[in-house]
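Along the sequence shown, the residues carry numbers beginning at 1.
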Amino acid sequence: MFFGDHSKTNDDDDSEPHYEDYAGFCSWIRAVFTITDNQIRRKSGVDAIQYLQFQRYLIGLVVIICVLSIGVILPVNFSGDQEGGKQNFGHTTISNLPTDSKALWVHTFFAMIYFVIAIIALRHFKQHLPNREEPSHISRTLFVIGIPLERTEPALIRQHFQEAYPDVEVTDVQFAYDISRLQYLDQARKDAQANRIACESMQQSSGVAPTLRPGLCGQIGCHDCCGGPKVDAIEYYSRQADHLASAVMTEKQSALQSNLGMAFVTVSTVEAGARIVSDYATLKTGPPTVSSVSRTVHSTTWTVDYAPWPDDIIWQNLSVSNLKWWVSVITVNICLFLVLFFLTTPSVILTSLDSTNYKNAIDNLNSAVISQFLPTLLLLMFAALLPQLVIYSSYYFEYHWTRTTLNHVIMRKTYVFLMLMLLILPSLGLASAQALFEYTLSDQENIKMRWGCMFLPDNGAFFVNYIITSAFIGTALELIRFPELFLYIITMVWTRSEAEKITARKKLAYEFQYGVNYAWMLTLFSIVFAYSITCPLIVPFGMVYFIFKHMVDRYNIYFAYAPSRIDKGIHDSAGNFVVISGIILQLSILFFSVLRLGSVDPHSIVSAIFLVICIGYYVAKFCFHLWTGYIPPSYSEFDNIEQPSTIKETELKNFVPDVLMKEGDGESDPKVTSSLPRHAYGTMGPSADVDSKATVIEPSNNIETNHYQS
């Protein structure tokens, strides 16, 4: 059920696996070890390899930290006598050492060593980062914003660029239009056509005309009052398709009159495009080069940048006005801030559950396993639910123009939310940001008490339990893909016929969410990294988590999710978050030294100096891009290219939405389309005949996701 439909391409080599070979109980375990990176790259693109390679670097980094923490830090902590007997968990933490112990220097210097090792690992990852070469027509296309609506004529745009830059040849000019309603109607038309074709196939195979109840949930309705009376399915979908086709033609004529003042301008060479972008740079002194029509087209007020990949553009969001965009972004983020302020951590919800006396019920079970791990399991469940507010609010209420920008925004907000919810506030014994704000206004003794919560043995034990739960239960839930399975069930219930089930399965082929997975993974890494010195027993379980996470993601990327494309900035942000994890580690050691030894102790001074160096490094790297290019990259591992294309560059998408292309301009050859991998939720192996016929005749049935065949 979780494999999806992945047909082989004609140019696959003999090593390409047959998906039927992996059918069976626990077959995913064998698949994880037999699938190669080249097979994943051909199917899912270079971004999948970059993500998995980053995971392998994290695993290597955690393995090194595990050896040092268990081999050096743990024996040093165990040599103390401040936290009870040897059977006590606190005996393994830094709290077990007396304040006058010289062994505390080991923790100070090893915190510095861990940060240096993390930076070296990041530099090595950057050096061997797989590269993606864009087709030349993408890197030669510019996105121009701010053209007056009454001057949206290709001839004027060409004249301006050719006069302002005489050595530049403009090869193509395409304008953007308001197609939000057109896309909705066109998708409904395609669905109706696919449903009709499926019904015709079922009638040919069974000899019985299919029927349906037109009402919602008609598939499960057994009476006329539940879904309405039965009607002929073929006739119903035919009328629906004809009506929608007429509506699409009317809306298309209207859309072509709604120019947005945006244009995609393709020039002859990459160098010419770079020159124009540089001329319109924001920090450039003086206006850009003008022409005889500059006043007419207001060229000096244009915003010019490289155009994104055509399939990366969310076309319906281009029509959103600046006012609506800013109002929606500000409103959504204010609401998120209020939730973050008053309901930040799952501890608030767990505290509310205390009124139900659920702990007494657990204690009555007389099970140590349930009593120890149920609180952390509840934390894991609420930690998985609360960030969904961030994800869905960004998807549906922030009108970003590209999918890569949307994924990057989700990644950053999810990471910040999870860090506050899972690491920072629980470490301080606080339940919400409101408590953090109130605590900052309290007296010095209360502040000192709160910082001391970070180094309590029970605090470290809680995070160890959380990492264990994430490793064995969290990764298992990712393998099951319960949210997608739940949505699949709901979607199937809402269908009205077997034909609609076939169409719905195609539309439930999800992309792998790199941004969300990066945020989750790096939050867990931050927890392991921050407690690797004060509570070294957390590191082995962190290593188990990252190994399991890597195995599950390899399987899901290859078998369960559709190919996805993200911006290089997401991978860069992942590296920045690793640096932030190192800074948090230095902060924890500094706070321990200040609280236990005093602010003028040599341990505190050395930790403070190194913390300033770490922050300086991050600021120089993130804000000024220093120390990021002195090691030349080496891309030989993947030969600088993605999967060999089955479609020539001249056949690649232009910067025109599919719904605006004339009949025959944007349709791929059915033979080519049927040879490319298709994705459907709830199927395994080759598609059924009905499904295949619907796909070949109407290849655009699948949901509008990024299927890159470059």
Visitor: Which pair of heavy atoms, one from T491 and one from A504, lies closest together, and at what distance?
Guide: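 Here T491 and A504 meet closest at CG2-CB, 3.8 Å.
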Visitor: Examine distances only and state if a side-chain atom of K413 and a backbone atom of V390 form a donor-acceptor pair shorter than 3.5 Å.
Guide: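 Side chain of K413 to backbone of V390, a donor-acceptor pair under 3.5 Å: no, none is there.
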Visitor: Under 6.0 Å between ring centres, would you say that holds for F125 and F54?
Guide: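 Yes, the ring centres sit under 6.0 Å apart.
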Visitor: Checking Q53 against Y57: is there a side-chain donor and acceptor pair closer than 3.5 Å?
Guide: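 Side-chain D/A pair, Y57 to Q53: absent.
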Visitor: Less than 3.5 Å apart, any donor N or O on the side chain of H571 or Y518 sitting next to an acceptor on the other?
Guide: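 Their side chains do contain a donor-acceptor pair, which is all the 3.5 Å distance test asks for.
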Visitor: Is there a donor-acceptor contact under 3.5 Å linking the side chains of D47 and Y514?
Guide: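 Not at all, the side chains of D47 and Y514 share no donor-acceptor pair under 3.5 Å.
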Visitor: Does the side chain of R181 come within less than 4.5 Å of S254's, by heavy atoms?
Guide: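 No - every pair of side-chain heavy atoms lies 4.5 Å or more apart.
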Visitor: Got F175 and Y177 here, is their nearest side-chain heavy-atom distance under 4.5 Å?
Guide: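 Touching, per the 4.5 Å side-chain cut-off.
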Visitor: Can a side-chain donor-acceptor contact be found between D279 and Y165 if the only test is distance below 3.5 angstrom?
Guide: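 On atom types as modelled, these side chains qualify, holding a pair under 3.5 Å.
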Visitor: Please find the pair of heavy atoms, one from H160 and one from T289, that lie closest to each other, and give the distance.
Guide: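 Here H160 and T289 meet closest at CE1-O, 3.8 Å.
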Visitor: Would you sort out whether Y51 and I557 count as a side chain to side chain contact (heavy atoms under 4.5 Å, CB included), showing the intermediate values?
Guide: CA-CA 10 Å; Y51 174 78; I557 288 174; 3.9 Å; yes
Visitor: Do S180 and D178 touch side chain to side chain, with heavy atoms closer than 4.5 Å?
Guide: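 Contact flag for S180/D178 side chains = yes.
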Visitor: So does F577 get a backbone contact from the side chain of S581, meaning a donor-acceptor N/O pair under 3.5 Å?
Guide: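 Yes, because the side chain of S581 sits within donor-acceptor range (under 3.5 Å) of the backbone of F577.
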Visitor: Using only heavy-atom distances, determine whether the side chains of H400 and T405 contain a donor-acceptor pair under 3.5 Å.
Guide: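 Distance-only check fails for H400 and T405.
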Visitor: Would a distance-only check, ignoring hydrogens and angles, find a side-chain to backbone donor-acceptor pair under 3.5 Å from R189 to A245?
Guide: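 No, because the side chain of R189 does not come within donor-acceptor range (under 3.5 Å) of the backbone of A245.
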Visitor: Can you find a heavy atom in the side chain of T266 that is under 4.5 Å from one in the side chain of V170?
Guide: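 With C-beta onward as the side chain, the pair stays apart.
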Visitor: Step by step, would you call V168 with Q162 a side chain to side chain contact (heavy atoms under 4.5 Å, CB included)?
Guide: CA-CA 6 Å; V168 174; Q162 290 175 352; over 6 Å; no
Visitor: For S246 and H243, indicate whether the former's side chain and the latter's backbone hold a donor-acceptor pair under 3.5 Å.
Guide: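 Not a single qualifying donor-acceptor pair exists.
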Visitor: Is F264 close to V173 at the side-chain level, that is, under 4.5 Å between some pair of heavy atoms?
Guide: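 V173 vs F264: side chains apart.
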Visitor: So, are R403 and D311 salt-bridged, with charged N and O less than 4.0 Å apart?
Guide: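 Looking at R403 and D311, the cut-off is not met.
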Visitor: To the nearest 0.5 Å, tell me how far S268 OG sits from E169 CD.
Guide: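 Output value for this atom pair is 5.5 Å.
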Visitor: May I ask you to decide if Y399's main-chain N or O and W325's side chain share a donor-acceptor pair within less than 3.5 Å?
Guide: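 Checking the backbone N and O of Y399 against the side chain of W325, a donor-acceptor pair under 3.5 Å is found.
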Visitor: Under 3.5 Å, is there a donor on one side chain and an acceptor on the other for Q159 and E163?
Guide: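 Result is yes, a qualifying pair exists.
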Visitor: Passes side chain to side chain contact (heavy atoms under 4.5 Å, CB included), T523 versus T414? Steps please.
Guide: CA-CA 9 Å; T523 301; T414 304; over 6 Å; no
Visitor: Are V144 and F161 packed together at the side-chain level, in the sense that at least one heavy-atom pair is separated by less than 4.5 angstrom?
Guide: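 Yes, their side chains come closer than 4.5 Å.
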Visitor: On a heavy-atom basis, which atom in R151 and which in I147 lie closest, and how many Å separate them?
Guide: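 It is O-CG2, 3.9 Å.
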Visitor: Quick one: does W401's side chain have a donor or acceptor within less than 3.5 Å of a partner on N317's backbone?
Guide: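 Such a contact is found between W401 side chain and N317 backbone.
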Visitor: Quick check: closest heavy atoms across G146 and T301, and the distance to 0.1 Å?
Guide: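 Taking every non-hydrogen atom into account, O-OG1, 4.5 Å.
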Visitor: Contact between D191 and L244 at the side-chain level, heavy atoms closer than 4.5 Å - yes or no?
Guide: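 Not touching, per the 4.5 Å side-chain cut-off.
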Visitor: Could you check whether Q55 and D553, counting side-chain N and O atoms only, form a donor-acceptor pair closer than 3.5 Å?
Guide: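 Yes, side-chain donor-acceptor contact under 3.5 Å.
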Visitor: Work out which heavy atom in I49 is nearest to a heavy atom in R41; give both atom names and the distance.
Guide: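 Minimum heavy-atom contact is CG1-CB, 3.7 Å.
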Visitor: Check step by step if side chain to side chain contact (heavy atoms under 4.5 Å, CB included) holds for T404 and I570.
Guide: CA-CA 8 Å; T404 54; I570 293 182; 5.6 Å; no
Visitor: Any non-hydrogen side-chain atom of I119 less than 4.5 Å from a side-chain atom of Y617?
Guide: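 SC-SC contact between I119 and Y617 confirmed.
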Visitor: Checking the side chain of S278 only, and the main-chain atoms of R275 only, is there a donor and an acceptor separated by less than 3.5 Å?
Guide: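 Judged by distance alone, no pair lies under 3.5 Å.
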Visitor: Could you tell me whether D186 and K252 make a salt bridge, using a distance below 4.0 angstrom between a side-chain N and a carboxylate O?
Guide: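 A salt bridge is absent here (no side-chain N lies under 4.0 Å from a carboxylate O).
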Visitor: Counting distance only, does the side-chain N/O of T331 pair as donor-acceptor with the main-chain N or O of V327 below 3.5 Å?
Guide: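 Yes; judged by distance alone, with no hydrogens or angles, the pair exists.
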Visitor: Closest approach of P308 and D312, non-hydrogen atoms and distance?
Guide: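 Here P308 and D312 meet closest at CB-OD2, 4.2 Å.
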Visitor: Mark yes or no: R481 above the aromatic ring of Y561, with NZ or CZ under 6.0 Å from the six-membered ring centre and no more than 45 degrees from the axis.
Guide: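 Yes, R481 and Y561 form such a contact.
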